[in-house]
Participant: 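Take this structure first; my questions come after.
The analysis underlying the following values was restricted to heavy atoms, covering all of them including side chains, and did not include hydrogens, waters or symmetry mates. None of these values were measured; they are calculated from a predicted model.
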Amino acid sequence: RDGSRRTYRSALNLVRSAMPDLAGPAEVTGPRAARFAREYAAGRYRRTKSEAGAARVRGPQTVRTTLNNLSVVWSRMGKTGLVDGNVWADIERPRVPKKLPRVPSEEAVGKLFEWLDRRFPGPDGKGWDLMKTFVRVKMLAGCRLNDLCKVETPQFDPKAGTLV
């Protein structure tokens, strides 16, 4: 897919810029990959092309994602015979701290439902009850929106009031 191609090209461009002397992907060895990972994690970036922009530290999730993307690219190149092995598979990834879910305040939830009533007034002008019910179920279920959209009737347990 186009998004995947852009992501993998971006990761490859990072390697190329960090190792301009490479003649090809087979020249990336384990030690060179480890050095790239260390330097990439310690390096800074700018959100703008201007040198006046603030230099920011890369987060552990960014480093982890880049290394994972490079691992995918190298494993695919390995299948085609361009490289002998996936040098990125053994590179240690930074630990990413787990984020606790944020719980919106009662006031924020109230404002959301007020907005829903204004945005989707419904046929009686009181608000679209089905939309509000969907949002309430989403809040209670704590699942992803797409997962909830795909729920079928047999997946609902009416006695327990749960989704299976």
Participant: Walk me through it: do W74 and V28 pass the test side-chain contact (heavy atoms from CB on, under 4.5 Å)?
Facilitator: CA-CA 10 Å; W74 252 254; V28 179; 3.7 Å; yes

Participant: Side chain of T65, backbone of T62: donor and acceptor closer than 3.5 Å?
Facilitator: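 It does not hold such a pair.
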
Participant: For T48 and G53, work out which heavy atoms get closest and say how close.
Facilitator: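 So the minimum-distance heavy-atom pair works out to CG2-CA, 3.7 Å.
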
Participant: With a sphere of 6.0 Å drawn around CZ of R46, does it hold more than 12 non-hydrogen atoms of other residues, nucleotides or ligands?
Facilitator: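 Enclosed: over 12 neighbouring heavy atoms sit under 6.0 Å from CZ of R46.
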
Participant: Would you say S10's side chain and R6's backbone share a donor-acceptor pair under 3.5 angstrom?
Facilitator: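 It does not hold such a pair.
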
Participant: Counting C-beta onward and ignoring hydrogens, is there a side-chain heavy-atom pair between L67 and V63 closer than 4.5 Å?
Facilitator: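 They are in side-chain contact.
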
Participant: If you count every heavy atom of other residues, nucleotides or ligands that lies below 6.0 Å from Q155 atom CD, does the total exceed 12?
Facilitator: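 Counting other residues, nucleotides and ligands, CD of Q155 exceeds 12 neighbours.
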
Participant: For the residue pair L70 and Y40, establish whether any side-chain heavy-atom pair is separated by less than 4.5 Å.
Facilitator: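 No. Closest side-chain heavy atoms not under 4.5 Å.
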
Participant: Are there more than 12 heavy atoms of other residues, nucleotides or ligands under 6.0 Å from atom CG of D157?
Facilitator: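 Count over threshold, so yes.
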
Participant: Answer yes or no: is there a donor N or O on one side and an acceptor on the other, between the side chain of E27 and the main chain of G24, under 3.5 Å?
Facilitator: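 Not at all, since once roles are kept as given, no pair shorter than 3.5 Å links the two residues.
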
Participant: How long is the gap from CG on L112 to CZ on R119, to the nearest 0.5 Å?
Facilitator: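 CZ of R119 is found 13.0 Å from CG of L112.
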
Participant: Test side-chain contact (heavy atoms from CB on, under 4.5 Å) on W88 and V73; report intermediate values, then the result.
Facilitator: CA-CA 9 Å; W88 303 99; V73 171; over 6 Å; no

Participant: I want to check something: taking the side chain as every heavy atom from C-beta on, are F134 and L145 in contact at a cut-off of under 4.5 Å?
Facilitator: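 The answer is yes, as the side chains (C-beta and beyond) meet within the 4.5 Å cut-off.
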
Participant: Under 3.5 Å, is there a donor on one side chain and an acceptor on the other for S71 and N86?
Facilitator: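 Per modelled atom types, S71 and N86 side chains form a pair under 3.5 Å.
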
Participant: How long is the straight-line distance from CZ of R38 back to CD of E92, given to the nearest 0.5 Å?
Facilitator: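 Reported value, rounded in 0.5 Å steps: 11.0 Å.
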
Participant: Give, for atom NZ of K138 and atom CZ of R144, the distance between the pair rounded to the nearest 0.5 Å.
Facilitator: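 The distance works out to 9.5 Å.
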
Participant: Is it true that V137 and V103 fall in one hydrophobic cluster, defined by side-chain heavy atoms closer than 4.5 Å?
Facilitator: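 Result: no, two separate clusters.
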
Participant: With clusters defined by side-chain heavy atoms of hydrophobic residues (ILVMFWY) lying less than 4.5 Å apart, directly or transitively, does M19 cluster with M77?
Facilitator: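 As far as the 4.5 Å side-chain criterion goes, M19 and M77 are connected within one cluster.
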
Participant: Can you confirm whether F120 sits close enough to D129 that some side-chain heavy atom of one is under 4.5 Å from a side-chain heavy atom of the other?
Facilitator: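 They are not in contact (no side-chain heavy atoms under 4.5 Å apart), so the answer is no.
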
Participant: At what distance, to the nearest 0.5 angstrom, does CG of N68 lie from CD of Q61?
Facilitator: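 That separation rounds to 8.0 Å.
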
Participant: Please give me the minimum heavy-atom distance between V87 and A33, naming the atom from each residue.
Facilitator: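 Closest pair (atom of V87, atom of A33, distance): CG2-CB, 4.1 Å.
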
Participant: Does CZ belonging to R76 count more than 12 external heavy atoms closer than 6.0 Å?
Facilitator: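 No, CZ of R76 has 12 or fewer neighbouring heavy atoms, counting only those of other groups under 6.0 Å.
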
Participant: V109 and P104: which non-hydrogen atoms are nearest, and at how many Å?
Facilitator: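 For V109 and P104, the tightest heavy-atom pair comes out as CG2-CG, 4.0 Å.
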
Participant: Would L140 end up clustered with L148 when hydrophobic side chains under 4.5 Å apart are linked, directly or stepwise?
Facilitator: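 As far as the 4.5 Å side-chain criterion goes, L148 and L140 are not connected within one cluster.
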
Participant: Can you tell if the side chain of L22 reaches within under 4.5 Å of the side chain of R32, non-hydrogen atoms only?
Facilitator: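 The answer is yes; the side chains approach within 4.5 Å.
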
Participant: Using the side-chain contact (heavy atoms from CB on, under 4.5 Å) rule, take R93 and I91 through it: C-alpha gap first, then chi angles, then the decisive distance, then the call.
Facilitator: CA-CA 6 Å; R93 271 68 165 157; I91 303 298; 3.8 Å; yes

